[in-house]
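Written out below as C-alpha cells is the structure these notes cover.
Below, read A as the first sequence line, B as the second, and so on, with proteins coming before strands; counting in each chain starts at 1. Just so you know, these numbers use all the heavy atoms, side chains as well, and skip hydrogens, waters and symmetry mates.
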There are 2 protein chains.
Amino acid sequence: MIDRIDRRILSILQEDCTVPVAEIGRRVGLSTTPCWRRIQKMEEDGVITGRVALLDPAKVNAKVTAFVAITTNQHTEDWLKKFADVIRDFPEVVEFYRMAGQVDYLLRVTVPDIAAYDAFYKRLIAKIDITDVSTTFAMEQIKYTTELPLSYVVPEKPKAD
Amino acid sequence: MIDRIDRRILSILQEDCTVPVAEIGRRVGLSTTPCWRRIQKMEEDGVITGRVALLDPAKVNAKVTAFVAITTNQHTEDWLKKFADVIRDFPEVVEFYRMAGQVDYLLRVTVPDIAAYDAFYKRLIAKIDITDVSTTFAMEQIKYTTELPLSYVVPEKPKAD
DNA sequence: CGGAATGAGGAATTTTATTCCCTTTGAAAG
DNA sequence: CTTTCAAAGGGAATAAAATTCCTCATTCCG
C-alpha cells in the first residue's frame, strides 16, 4: 500500500506541509503530477488525516502541562462513554488515554499556570465521579513532535514471489 | 499582541491549515490582504511555529503508545544534556518531559506492538544509565489533538485607558 | 489644522495546485 | 512471442490561491 516513495513524501509532509508538491516531487524523484496523485491517495485512504498549524505554547499562554492519572471504580460501558464525552469537551485536555495497569485513564492537560490547573480540576470533578485523581506537573517540555516514526511502515515490495 | 480576530484565525488554522486565506478572512470578517498579513505576522512572531500533516497512527503501524516514567540518580547539567540528546534522537519518542515529583522524566513512545517496544527499550537502556524505568501501555487513545486551548489567550483591548 | 502611522481593502501578479491527455512499463492472456 | 491492459509517470494547460502593490480611511499627536 505505502511504498518507499510514499514514505518519503509522508516524512516531508509530517515535518512541513507547506512544501510545494513540485518541490516534494523533486526531492523524491517524481514529477509533480504523480507526486500530487500519491498525496491525494494517501489523504483519501486516511493515511494523512489533516494538516494543521502548530502554535508555540508559551505564546498562547499554555505554559504548564499536567498529567492527570485517574482511577475509578466505575467500569461500565455507559460510564466510560459519558466520561469520555465530558473529558473530550475540555479544550485543556489535549490527550486522553485509557491505560493498562493501575491507572485507568491518563490525561495530558494544558493550562497557563497552577491556579488555572486548579480551576480546571474543580470543573472536572464537578462533572464526573472519579475515585482517585493524581496530578503530576511537567517542568519542561524537552521534546514534542507530531511526527510519527515511519521506520515501522513496511514498504510494499515492487515485485512479489 | 494577539487580539480577538487573531485568536479566531488561530483557532481555524489549528484545526485545518488548508483553509484559504480568503475564506478565513470571510469567516473572521476581514478581506484577504489584512487577514494574510495577520497570519504572516503571527508566523514571524513565532506564535505559529509550523504547519504539518498529521497521520493516522494505525495506518503507519504506530498502534501502541507507551508511557515511560524514568527515575535517575544522575542530576548534573551534563548528564541531562547528554540524556536529552540521546532521547531526542529516537523517533519513537514523540514527547519527552522533565517532571516534578517522584518521576524525573516522562516519555511518550510510539511503536507498532509490545515486541517493538521491548526492542526500543533495550536500545534505550543500552545507551543511557537509568536507575529506574517504569512503563505503562495505553489501551486506547480516546483523544489526541494538537489544538491548544485559546481561551487563556488574553486578547488585547482595541483601546486602553 | 496638517501629516504620520496604522489598519484595511481592491486589483494585479506570481506561485501552486489541479486537470487533461499522452507515454512508458510490466505482467498476463492468447 | 505478440497483444492487451492496467498501473505509473510525465508535460503542458488551466484554475485557484498566495503574495505584492498601491490606495483609502482613521486616529493620534504636534
note: B/E23, atom CD; D/dA17, atom C1'; distance rounded to Å ~ 13 Å
Between CG of A/L30 and P of D/dG11 the distance, given in whole Å, is 11 Å
Cluster membership besides A/V52, Ile/Leu/Val/Met/Phe/Trp/Tyr side chains within less than 4.5 angstrom, sorted by chain and number, is A/L54, B/V52, B/L54
Residue pairs passing the salt bridge (charged side-chain N to carboxylate O under 4.0 Å, His left out) test with at least one member in residues 134-155 of chain B, sequence neighbours excluded, are A/R98-B/E140
Between CG of A/D6 and P of D/dA7 the distance, given in whole Å, is 16 Å
Report all side-chain donor-acceptor pairs from residues 120-129 of chain A shorter than 3.5 Å, counting only partners two or more places apart or in another chain.
| unit_1 | atom_1 | unit_2 | atom_2 | d |
| --- | --- | --- | --- | --- |
| A/K122 | NZ | A/D118 | OD2 | 3.4 |
| A/R123 | NH2 | A/E92 | OE2 | 2.9 |
| A/D129 | OD2 | A/Q74 | NE2 | 3.3 |

Identify each atom pair where a protein N or O and an N or O of nucleotides 10-15 of chain C are less than 3.5 Å apart, giving names and distance.
| unit_1 | atom_1 | unit_2 | atom_2 | d |
| --- | --- | --- | --- | --- |
| C/dG10 | O6 | B/T33 | OG1 | 2.8 |

A/I24 atom CD1 is separated from D/dG10 atom P, nearest whole Å, by 15 Å
Here the distance between atom P of C/dA8 and atom CZ of B/R26, to the nearest Å, is 18 Å
Atom CD1 of A/I39 and atom P of C/dT19 are separated, to the nearest Å, by 14 Å
Sequence neighbours excluded, the answer for side chain to side chain contact (heavy atoms under 4.5 Å, CB included) partners of B/D85 is B/K81, B/R88
When rounded to whole Å, the NZ to C1' distance for the pair B/K41 and C/dT6 reads 12 Å
B/Q40 CD to D/dT19 C1', in whole Å, measures 8 Å
Counting just side-chain N and O atoms, does A/W36 come under 4.0 Å of either OP1 or OP2 of C/dT18?
yes
Salt bridge (charged side-chain N to carboxylate O under 4.0 Å, His left out) pairs touching residues 99-115 of chain A, sequence neighbours excluded, are A/E95-A/R108, A/R108-B/E95
Paired with B/I24, the side-chain contact (heavy atoms from CB on, under 4.5 Å) test is passed by just one of B/T32, B/I39, B/L30, namely B/I39
